[in-house]
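Order of the sequence lines fixes the chain letters, A, B, ..., with proteins taken first and strands second; residue numbering starts at 1 for each chain.
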Amino acid sequence: MTLPAGTTTGKLATMDYRRRSIRDLLGSEPGGGAEAYGWVKTRRDSKEVSFVQLNDGSCFQDLQIVLEAGTVADDLLKKLSTGACVRFEGILVESPAAGQTVELKATALELLGEADPATYPLQKKGATMEFLREIAHLKVRGNTFGAVTRVRNRAAWAVHSFFQSRGFSWIHTPIITASDCEGAGAMFAVTTLLDHESPTQDEAESTFRLKSTDPGDDFFGKPAYLTVSGQLNVESYAMGLTNVYTFGPTFRAENSNTPRHLAEFWMIEPEMAFCDIEGDMNLAEEFVKEVISDVLDNCGPDLDFFNQRIEPELLTTLRHVVDSGFERMTYSHAVDLLMKSGENWEFPVSWGSDLQSEHERWLTEKKIGKPVILIDYPKDIKAFYMKQNPDGKTVRAMDVLVPRIGELIGGSQREDDLATLEARIDELGLPKAAYWWYLDLRRYGSAPHSGFGLGFERLIMYLTGMKNIRDVIPFPRTPGQAEF
RNA sequence: UGCCGCAUAGCUCAGUCGGUAGAGCAGCUGACUGUUAAUCAGCGGGUCGUAGGUUCGAGUCCUACUGCGGCAGCCA
């Protein structure tokens with residue numbers, strides 16, 4: 001292998017993932033030779049010495065590289081600009097200054113990839129989230145998105161760990177569905193009927209034509225879509241494996257332009273046989289506490305950053321949720337409290353209407369002061385599959401409300417009685433024939449069962465304090481935006 | 001999709017009553033004995049989102065469009 005021009009190097013580089021990461025180096029005792037790979041955050045020069053902040057994403061903290069004057073040529077030193085990729089060799093030494101315990105006193109460096117400072121879009125000073133979204137391919141090199149990405153990774157691990165340690169099986173429900181009965185929102189079509197002309201240079205000039213307008217000619221012989229929920233499928237697996245969950249991508253073609261919606265997002269949906277609404281609430285409470293607790297334990301520096309720069313109440317609310325017993329009350333009781341609150345609501349409260357975000361936040365933040373689980377919602381504002389209560393008016397639905405954002409989880413006990421479920425489907429005018437297999441689950445060996453769903457990105461927003469959902473997923477897909 | 005707001009240097013923004021464009025940061029040049037988003041001095045940098053309109057004159061006023069953001073709805 002030929003090294004790039006301008007290189008100074010000593011011994012052979014360790015081009016293997018088993019080398020020490022910056023995280024490893026920062027946790028090492030001083031003394032001994034070391035090498036460090038990463039991207040330059042900043043460089044500070046004085047006459048006798050230069051400092052380079054080097055980050056490889058393995059942790060929030062940068063490794064400080066100390067370059068004494070003369071270690072490398074001036075023209076090479078100048079190429080150590082923000083964004084440049086570099087390998088240093090040196091000695092890991094105790095740092096005489098505050099800010100870090102060890103630092104790398106460099107003896108050699110290899111410039112792996114320059115980043116022209118005149119055009120490199122990231123700078124050492126902060127950029128707005130809006131700007132960073134335009135450079136989604138580079139944004140992960142900054143503090144904020146590195147931290148978001150590590151928290152997201154750890155949270156995903158914690159989700160699996162939570163369920164796996166309790167004997168739940170991860171079910172890979174389909175991404176493509178030909179059921180037109182999911183009913184959770186507008187769907188993206190999946191088709192091979194498009195006849196598009198040879199790609200042109202100008203995307204705007206390319207056009208679509210349909211080879212056929214008959215769904216029977218399409219790949220699946222009928223209309224197919226990207227899934228909007230794995231719940232119906234995973235219920236089938238709960239009726240055989242007992243405790244199961246989904247964790248995968250989900251798609252909604254809604255034209256929603258808000259900081260809380262994505263067209264492509266990840267959803268977590270546990271489903272348990274032999275479990276009623278009480279057991280469902282118990283699982284939800286344990287789940288929220290354990291995932292938060294895991295991230296608090298394992299992403300300390302990242303959360304400290306969010307607490308300092310993004311959301312000052314972050315650590316307080318997260319610790320509070322972990323330490324609190326969740327308050328449980330009925331929807332009807334909550335409506336009573338809201339109507340007697342004396343608050344001047346932007347949206348009026350009445351029994352039978354859905355609670356607005358302002359109502360949910362008042363309950364959990366002001367009235368109760370800790371997470372709240374509401375149950376027994378009016379059946380008309382909830383989905384058809386929820387278990388009906390004997391009162392004929394409410395269903396065994398539950399929503400988990402937490403301080404700072406409101407609803408985090410929505411779930412229910414499912415209707416397991418065939419006749420009741422069929423009647424409800426008829427009542428709502430839904431296409432009963434399409435639900436044939438879902439009804440079979442009640443026809444053969446039906447079991448009481450419950451589950452819930454939560455959007456993974458909303459959980460990440462809660463864990464990080466980030467205000468826009470587009471900033472907690474690597475490449476956000478929203479109406480009119482599918483770049484990268 | 002509806003309502004509201006914004007669009008000026010690479011980034012973040014200022015620009016008064018309509019009168020020929022400004023700062024900080026970044027960049028470049030130099031200084032500085034260990035810095036922590038280093039500091040100090042100097043230099044370069046603009047089709048004011050696009051297209052029309054009003055006006056002697058438009059960054060500024062009007063219209064449309066595009067993009068972005070916020071709120072709402074839909075929801076996770």
* Pair A/D45-A/S50, side-chain donor/acceptor within less than 3.5 Å ->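 Note: A/D45 and A/S50 side chains meet the donor-acceptor criterion.
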
* What nucleotide among B/rA72, B/rG10, B/rG69 has an atom nearest to a side-chain atom of A/F347? ->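 Output: B/rA72.
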
* The side chain of A/K78 lies closest to which of these nucleotides: B/rC11, B/rG73, B/rU29? ->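 So the side chain of A/K78 is nearest to B/rU29.
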
* Asked: Going through the distances and angles, do A/W362 and A/L338 end up as a side-chain contact (heavy atoms from CB on, under 4.5 Å)?
  -> CA-CA 8 Å; A/W362 178 84; A/L338 288 162; 3.4 Å; yes

* To do: Please list, chain by chain and in numerical order, all residues satisfying ring pair (Phe, Tyr, Trp, His ring centres under 6.0 Å) with A/H160, sequence neighbours excluded.
  =>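 By the ring pair (Phe, Tyr, Trp, His ring centres under 6.0 Å) rule, A/H160 matches A/W170, A/Y245, A/F247.
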
* Asked: Does any N or O donor sit under 3.5 Å from an N or O acceptor when you compare the side chain of A/S256 with the base of B/rC74?
  ->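 Such a pair is found, so the answer is yes.
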
Salt-bridge present ([X], [Y]; N to O < 4.0 Å):
| X | Y | answer |
| --- | --- | --- |
| A/E415 | A/R396 | no |
| A/E311 | A/K467 | yes |
| A/R133 | A/E483 | no |
| A/K382 | A/D399 | yes |
| A/E286 | A/K289 | no |
| A/E103 | A/K105 | no |

* Residues forming a side-chain hydrogen bond (donor to acceptor under 3.5 Å, both in side chains) with A/Q308, sequence neighbours excluded ->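 Residues passing side-chain hydrogen bond (donor to acceptor under 3.5 Å, both in side chains) with A/Q308: none at all.
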
* To do: Answer yes or no: does a side-chain N or O of A/T119 lie under 4.0 Å from OP1 or OP2 of B/rG10?
  =>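 Checking A/T119 against B/rG10: no side-chain N or O falls below 4.0 Å of OP1 or OP2.
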
* To do: Give a yes/no answer on whether the side chain of A/N468 brings an N or O atom under 4.0 Å of OP1 or OP2 in B/rG70.
  =>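 Answer is yes, contact under 4.0 Å.
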
Considering only atom [atom1], compute the distance from [N] to [M] and round it to an integer number of Å.
| N | M | atom1 | answer |
| --- | --- | --- | --- |
| B/rC74 | B/rU55 | C1' | 47 Å |
| B/rA58 | B/rA21 | C1' | 13 Å |
| B/rG69 | B/rC32 | C1' | 43 Å |
| B/rC6 | B/rU60 | C1' | 15 Å |
| B/rU33 | B/rG70 | P | 48 Å |
| B/rG19 | B/rU35 | C1' | 49 Å |
| B/rC25 | B/rA38 | C1' | 14 Å |
| B/rG59 | B/rG18 | C1' | 10 Å |

Between [N] atom [atom2] and [X] atom [atom1], what is the distance in whole Å?
| X | N | atom1 | atom2 | result |
| --- | --- | --- | --- | --- |
| A/I469 | B/rG69 | CD1 | C1' | 16 Å |
| A/N257 | B/rC68 | CG | C1' | 11 Å |
| A/L355 | B/rC75 | CG | P | 14 Å |
| A/L77 | B/rU29 | CG | P | 12 Å |
| A/D74 | B/rC28 | CG | P | 13 Å |
| A/Y120 | B/rC25 | OH | P | 21 Å |
| A/L132 | B/rG69 | CG | P | 13 Å |
| A/I268 | B/rC75 | CD1 | P | 21 Å |

Reckon [X] touches a base, only the sugar-phosphate, or nothing at all at heavy-atom distances under 4.0 Å?
| X | answer |
| --- | --- |
| A/Q123 | base |
| A/R133 | sugar-phosphate |
| A/T258 | base |
| A/L122 | nothing |

* To do: Give the ring-plane orientation class for A/F484 versus A/F475, where under 30° counts as parallel, over 60° as perpendicular and anything between as tilted.
  =>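 Taking A/F475 first and then A/F484, their aromatic rings sit tilted (interplane angle of 30° to 60°).
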
* Structure fact -> With both pairing distances under 3.5 angstrom for Watson-Crick or G-U wobble, and | for a partner in another strand, the correct string for RNA chain B is (((((((..((((.....[..)))).(((((.......))))).....(((((..]....))))))))))))....

* **From A/D62, A/L25, A/V86, A/L104, residue fulfilling side chain to side chain contact (heavy atoms under 4.5 Å, CB included) relative to A/L54** =>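 Looking at A/D62, A/L25, A/V86, A/L104, the match for A/L54 under the side chain to side chain contact (heavy atoms under 4.5 Å, CB included) is A/V86.
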
* Asked: Is the Lys NZ or Arg CZ of A/R309 less than 6.0 Å from the centre of A/F306's six-membered ring, within 45° of the axis?
  ->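 A/R309 over A/F306 ring: no.
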
* Structure fact -> Under a 4.0 Å heavy-atom criterion, the protein footprint on nucleotides 33-42 of chain B, written with B, S and -, is SBBBBB----

* Spell out protein contact along nucleotides 44-49 of chain B as letters: B when the base is contacted, S when just the sugar-phosphate is, - when no protein heavy atom is under 4.0 Å; keep the 5' to 3' order. => ------

* Asked: Taking for each residue the nucleotide of RNA chain B bearing the nearest heavy atom, is the 5' side occupied by A/P479 or by A/L408?
  ->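 Its nearest nucleotide being more 5', the pick is A/P479.
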
* If you look only at pairs with a residue in residues 139-161 of chain A, which of them pass as a salt bridge (Lys or Arg N to Asp or Glu O under 4.0 Å), with sequence neighbours excluded? ->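 Applying salt bridge (Lys or Arg N to Asp or Glu O under 4.0 Å) to every pair that reaches into residues 139-161 of chain A, excluding sequence neighbours, yields A/R150-A/D302, A/R152-A/E457, A/R154-A/D294.
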
